[in-house]
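What follows is one structure encoded as structure tokens, with my remarks underneath.
For reference, positions follow the sequence shown, starting with 1.
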Amino acid sequence: QVQLVQSGGGSVQSGGSLRLSCVASGHTDKRYCMGWFRLDPGKERKGVAVVDSEGNTNYQENVKGRFTISQDNAKNTLYLQMNNLKPEDTAMYYCAAYGPANNYCPASYSVADYPYWGQGTQVTVSL
């Protein structure tokens, strides 16, 4: 079992920056694939940025060049640095993990792959 606790988020004006953090506890001695997802009202959860167990990242097209997913393995923490935020980035954001991987787990945008989820944090971007 892995527990994920998120922090960060909040309200910012368009063009501003926020950093989301996600601290993992539990079986953190194992390798996991992780990702950041967003939930818009009335819609399904959707992947934003994901990372495989080797640290290779992948981004949805609409956040490329603006968002950066990163990990600090010493702190068991996943980050999402969000720069040049736009009003359409407004959503509830969740971190998620799946694994553990014996050797390697590929990054995935499929919500169904992730059994472990953070509690969510709201990001609101105003004009």
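Ile69 and Tyr114 are members of different hydrophobic clusters when ILVMFWY side chains are connected at heavy-atom separations under 4.5 Å. Grouping the Ile, Leu, Val, Met, Phe, Trp and Tyr side chains by contacts below 4.5 angstrom, directly or via other members, places Tyr109 apart from Phe67. Leu78 and Tyr94 fall into different hydrophobic clusters, defined by Ile, Leu, Val, Met, Phe, Trp and Tyr side-chain heavy atoms under 4.5 Å apart, directly or through other members. Both Val125 and Tyr93 belong to a common hydrophobic cluster when Ile, Leu, Val, Met, Phe, Trp and Tyr are linked at side-chain heavy-atom distances under 4.5 angstrom. In the hydrophobic cluster analysis, where Ile, Leu, Val, Met, Phe, Trp and Tyr join through side-chain heavy atoms closer than 4.5 angstrom, Leu20 is grouped apart from Met92.
In this structure a side-chain-to-backbone donor-acceptor pair under 3.5 Å is present from Ser53 to Cys105.
One finds no salt bridge joining Arg45 and Asp40 here, because no Lys/Arg side-chain nitrogen approaches an Asp/Glu carboxylate oxygen to under 4.0 Å.
Rounded to the nearest 0.5 Å, atoms CD (Gln1) and OG (Ser25) are 10.5 Å apart. With values rounded to the nearest 0.5 angstrom, Thr68 atom OG1 is found 11.0 Å from Arg66 atom CZ. From Thr124, atom OG1 reaches atom CD of Gln13 across 13.0 Å, with rounding to the nearest 0.5 Å. The line from SG of Cys33 to OH of Tyr116 is 13.0 Å long, rounded to the nearest 0.5 Å.
Counting only N and O atoms by type, the side chains of Thr77 and Asp72 include no donor and acceptor under 3.5 Å apart.
The shortest distance between side-chain heavy atoms of Thr90 and Leu85 does not fall below 4.5 Å.
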